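Only one structure is covered here, and it is reproduced in the block below.
A, B, ... follow the sequence lines: proteins, then strands. Residue 1 opens every chain. Quick caveat: nothing in here was measured; it's all calculated off a predicted structure. Side-chain atoms are counted along with the backbone in the values below, which use heavy atoms only and exclude waters and symmetry mates.
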Amino acid sequence: MLLEIKGVHFGYQQEAPILQGFNMHVARGEFLALLGPSGCGKSTLLNLAAGLLMPLDGSVKFNGSYLHGINNNVGYMTQGDTLLPWNTVAKNILLPLELRGTPAQERSDKLERALKLVNLGDARNKFPSELSGGMKRRALLARSLIYDPPMLLMDEPFGALDAQLRETMHKELLSTVNRLNESVLFVTHDIAESILLSDRVLVLGGRPLRILEETICPWGKERNLDEIRKSPDYAKLEAHVRGLLRLADAEQYADAPKGDA
Amino acid sequence: MKTNEPPVKDEPEHLAKAPVRKSRNRIRVENLAWQIAIGIIFLSIWEYASERWISALLVSKPSRIAQTMWEWSIDGTYVKNIWVTLKATIMGFGGGAIGGMILGYITATFRRVGEVLEPYVTALYTLPRLALAPLFLMWFGLGMEFRVMFAATIVFFLVYYNTYFGVREVSNELLAAVRIMGANRAQLAVRVVIPSALVWVTAGLKISVPYALVGVVVAEMLASDEGVGFLLAKSASQFSTYGSFAAIAALLVMALLTDWLLETITRRALRWKTAGSASQEQQH
């Protein structure tokens, strides 16, 4: 297992616990999607995996070692814009390599590859304030991938993109993570996105958070997203997951403290 | 057959009626023309009114002031005194700004240090700086040190508070993202905290420059035998209105030049902040 979350308790003072004895894992090279209603605790799981939050009880293991601080072996793409506004696109993408002391030639080669991957070659000298929302997401993706972390943590990374660009990014992401055999822990609201991209979907809900169902997506690594969309299996799976998500939504609403809805 | 659709206009006529947006450059030139015109009108009225409507002893007249300025430029009065004031301003500004930045960074980064020092900093900040003048005079005498220290104490607090809030305001999300990439504490400071705080720090520095000049001039007026402040105080004590205005003109030029210089440096350092809006403006 690359990531193992075991018996984790987490919550904030004077609030109902978010996690209570929660278990999940991500295998090497696996693409796992976490699907659930807003505010259910999906991002908390990502923050635990990144070492930004520490469990009150239980353990988080990454690559066989217990996490006691920041996890430098993951790439983290959050919902927010975490590009450094004073650096150009190229400088932003290069940042992880510079921090790790990667040699100049290797940095330059990787930058070219990353810019090509996200189609930002022409914007390399622009500042984030000059980019559209979609371009910013692409720059963030390039920055998360450039140092080849064994695992990518992605928190609704393509929510701001238009449909066409999102499809392109889906294909690029799949081909990149497959090529590098990277694991991905992917948080999304989008049912189609979760089914198309992942090997496994965990439908989450309730408070404390629990796994309502684990769904296997039987498309294999070398998948053709356009073909999958046309298949009856996809339609069936999508309808099934949609039903589960409705249930999760209803539970979330029922579990919310009075006056919180 | 009649329809409700509006009649289709010919394109040239349609375009002729479209509102025309003035270019940025044209607006700048127009503004400059207005500024020059206002200055000329003001000086003309002043020249005319002096001795006719108001006593020349009180307001002098632009032509007499210009004559004094010319004389002081030729005989070296300006060069000698402006240089003294400028040197003290630069030293006071530099010392106060560096001290303010260092202490601001430390108190914002190490919260406990900030909490312990907070009442002392607040007490010193609220103390009227003029109250320190007699003490400084005793300690440093009439020389350069008095002026520099007086200006530095004014600049220090302005830069201190801006640095403090700048460092405290750094986005936690940015810090977390860069820490995950592998940044250590020093790298976080250089890559995230300092550039992020720079917006606040430069604002503090920009505000401080005129205050540094004010500090030096006040110190020169209080106790000094050289500098533009001394020139101003001496002219006023001799009822030389034109001398006072000539000294004020030198201060105006110095203030405008330093402001322009700082504005240029600030714009360059923070060009990332305006890059997006600049490109949008060009697109219009």
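Among B:Gly182, B:Ala176, B:Ser171, B:Pro195, the residue with the largest count of heavy-atom pairs under 4.5 Å with chain A is B:Pro195.
A:Ser129 contributes a side-chain N or O that, together with a main-chain N or O of B:Trp272, makes up a donor-acceptor pair within less than 3.5 Å. Not a single donor-acceptor pair under 3.5 Å links the side chain of B:Asn184 to the backbone N or O of A:Leu99. Between the side chain of A:Trp86 and the main chain of B:Val192, no donor-acceptor pair closer than 3.5 Å is present.
Between B:Ile180 and A:Arg100, the shortest heavy-atom distance links the atoms O-NH2, 3.7 Å. Shortest non-hydrogen contact noted between B:Leu174 and A:Leu83 is CD2-O, 3.8 Å. Taking every heavy atom of both residues into account, A:Arg143 and B:Ala177 meet most closely at NH2-CB, 4.2 Å. Across all non-hydrogen atoms, the minimal contact from A:Leu84 to B:Arg191 is CD1-O, 3.8 Å.
In this structure, the portions of B:Val178 lying under 4.5 Å from any heavy atom of chain A include both its backbone and its side chain. For a residue to count as touching a neighbouring chain, one of its non-hydrogen atoms must lie under 4.5 Å from one of that chain's; by this rule B:Ser196 touches chain A with backbone and side chain alike.
Summarising the geometry, atom CD1 belonging to A:Ile70 is positioned 11.5 Å from atom CE belonging to B:Met181; distances are rounded to the nearest 0.5 Å.
Within a 6.0 Å radius of OH in B:Tyr211, no more than 12 heavy atoms belonging to other residues, nucleotides or ligands are found.
In this structure A:Glu106 satisfies the salt bridge (charged side-chain N to carboxylate O under 4.0 Å, His left out) test together with A:Lys110, sequence neighbours excluded. Listed by chain and residue number, nothing satisfies the salt bridge (charged side-chain N to carboxylate O under 4.0 Å, His left out) test with A:Asp155 (two or more places apart in sequence, or in another chain).
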